[in-house]
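When reading the values below, keep in mind they use all heavy atoms of this one structure, side chains included, and skip hydrogens, waters and symmetry mates. Protein chains get the first letters and strands the later ones, always in sequence-line order, with residue 1 at the start of each.
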There are 2 protein chains.
Amino acid sequence: MIPSEAYLASNYGVALGTLRQALALLVEDGIVRREHGRGTFVSRGLDSASMMRFFRFQSDNSNAAAPQSNILQRRFRHPSLAEAKAFSLEASGQVMQLERLRSIEGHPCLLESIVLPLPMFGALADSNTADWDDLLYPMYQRRCGLVVQHAQDELRFSHLSARQASRLRLESGHPCVLVERQAFDIAGRCVERRTTRGDAYSFTYTAHVK
Amino acid sequence: MIPSEAYLASNYGVALGTLRQALALLVEDGIVRREHGRGTFVSRGLDSASMMRFFRFQSDNSNAAAPQSNILQRRFRHPSLAEAKAFSLEASGQVMQLERLRSIEGHPCLLESIVLPLPMFGALADSNTADWDDLLYPMYQRRCGLVVQHAQDELRFSHLSARQASRLRLESGHPCVLVERQAFDIAGRCVERRTTRGDAYSFTYTAHVK
DNA sequence: CAGTGGTCTAGACCACCGC
DNA sequence: CGGTGGTCTAGACCACTGG
């Protein structure tokens, strides 16, 4: 919680209305959240911004079963050109690459390739992936102090390679939807690059215009 | 243009700040648009909310060539159950169904099926489709007084029928992305239902999270 | 009940637009 | 230059929360 309107206004020597306008801007950007009668709180950032919103896997019963998460592989390597640029790393720097499978009730749904810049995520490089949480963003915050504040997803249509298909228990060449995400912290630094693949036949997305 | 803040405030007997807050809500909902030094104007509604934003057809030169539009067919029929419900029509009512092809530089890109409720769009039922504009929403407004204020798009993956494929010069069964849109006026009434199909390999969509 | 955010007032002054 | 929206002030009062 941050100090009250009245305190901040007098402390900074501005009128209450002006301070409220400033806070409204922070709310708009998702930096803080206001609760009538309680106070103004610093936002915890994105919890998951679930990739599941692009798909419909739930077996038509309405209970929102949280998907399980399995880290299949972890590698350390130098960044690609694009990664070095996005993360502001030297070509000689290091990144951690993860392969991750998300499942609902034991049924594999999404296959993810996650790339994290390394000095920053050092705390995760040393830990056992079996102990990791199902939701990564809250874990980034807890163990690395990194808050994911917004993200950008780019969707394309593609096909699964034989290796990808076997992970998802589908046939090689099966149509898939590919989501390429870049996630950013409050300062606007890219802190994660992620590629997610899921069955194109489960894809469904709703967009509101204006 | 609507009357100025000062006029409205005194006329309605509220403070200027209060009136500004009210107008801010209208701006948020896209009802009006404010221009510093000029005035406050009633929004003209969506111009096109182009389906093109879901695809990348432009042949990599950055000029945004406006797509041409061809009405291939017009039919009149009774509404389906879903249509009757969405449009608040009786089962014995009438709708106008259009098949429409959108092309860029002569190359067919999108195939659309558009359904309009009929007492409402009577002015278009009698007119020659060859004279229609490339952009429908401004034409709805000009000729029927109907302002499309917001819309909801639902995206799915599918395949083209032989008939659809021939319209788009693709092979039967070719993968496509299917966009089902419902468009609404300011009062929240559904005024158009539209199904758009385009080559899945041209599909690309960017979503920002928070 | 004290403390918080939410709404409202009645002004002052500034920045922008078009004539 | 007059008219417009944009910012700011210094209060008053209301509505909600939690101990």
For this session: Can you sort out which residues in residues 10-20 of chain B have a heavy atom within less than 4.0 Å of DNA chain D? Ascending by number, please.
Result: Arg20(B)
Problem set entry | Within 6.0 Å of OH in Tyr12(B), more than 12 heavy atoms from elsewhere | no
Name the pairs: protein N/O against N/O of nucleotides 14-17 of chain C, kept only if under 3.5 Å.
from, atom 1, to, atom 2, distance (Å)
dA15(C), N3, His36(B), NE2, 2.9

Exercise. Atom CZ of Phe41(A) to atom P of dG5(C): distance rounded to whole Å?
Worked result: 8 Å
Problem set entry | Note: Glu112(B)-Arg102(B) ion pair, threshold 4.0 Å (strictly below) | no
For this session: Would you check if there is a donor-acceptor pair between the side chains of Thr40(A) and Arg34(A) at a distance under 3.5 Å?
Result: yes
Exercise. Whole Å only: how far is the CE atom of Met1(A) from the P atom of dT17(D)?
Worked result: 14 Å
For this session: Let me know the distance between CZ of Arg34(A) and P of dA15(D), rounded to the nearest Å.
Result: 18 Å
Problem set entry | Heavy-atom neighbours of Leu25(A) CG exceed 12 at 6.0 Å | yes
For this session: Provide, to the nearest angstrom, the distance between the CZ atom belonging to Arg33(A) and the C1' atom belonging to dT4(C).
Result: 14 Å
Exercise. Are OP1 or OP2 of dG5(D) and a side-chain N or O of Thr40(B) less than 4.0 angstrom apart?
Worked result: yes
Problem set entry | Whether Tyr201(B) and Phe157(A) hold their rings parallel, tilted or perpendicular, with breakpoints at 30° and 60° | perpendicular
For this session: Might you confirm whether atom CZ of Arg53(B) has over 12 heavy atoms from other residues, nucleotides or ligands at distances under 6.0 Å?
Result: yes
Problem set entry | Spacing between Gln21(A) atom CD and dG6(C) atom P, to the nearest angstrom | 14 Å
Exercise. So, Gln152(A) and Thr206(B): side-chain donor and acceptor under 3.5 Å apart, yes or no?
Worked result: no
Exercise. When you look at CZ of Arg74(B), are more than 12 heavy atoms from neighbouring residues, nucleotides or ligands closer to it than 6.0 Å?
Worked result: yes
For this session: Find the distance Leu23(A):CG to dT4(C):C1' and express it as a whole number of Å.
Result: 13 Å
For this session: Using atom CG of Leu8(B) as one end and atom C1' of dG3(D) as the other, report the distance to the nearest whole Å.
Result: 14 Å
For this session: Starting from C1' on dC14(D), measure out to CD on Glu5(A) and report it in whole angstrom.
Result: 13 Å
Pairs under 3.5 angstrom only: tabulate donor-acceptor contacts from the side chains of residues 133-151 of chain A to other protein residues two or more places apart or in another chain.
from, atom 1, to, atom 2, distance (Å)
Asp133(A), OD1, Arg142(A), NH2, 3.4
Asp133(A), OD2, Arg142(A), NH2, 2.7
Asp134(A), OD1, Ser69(A), N, 3.4
Tyr137(A), OH, Arg181(A), NH1, 3.1
Tyr137(A), OH, Glu192(A), OE1, 2.9
Tyr140(A), OH, Glu192(A), OE2, 2.7
Arg143(A), NH2, Ser127(A), OG, 3.0
Gln149(A), NE2, Asp29(A), O, 2.7

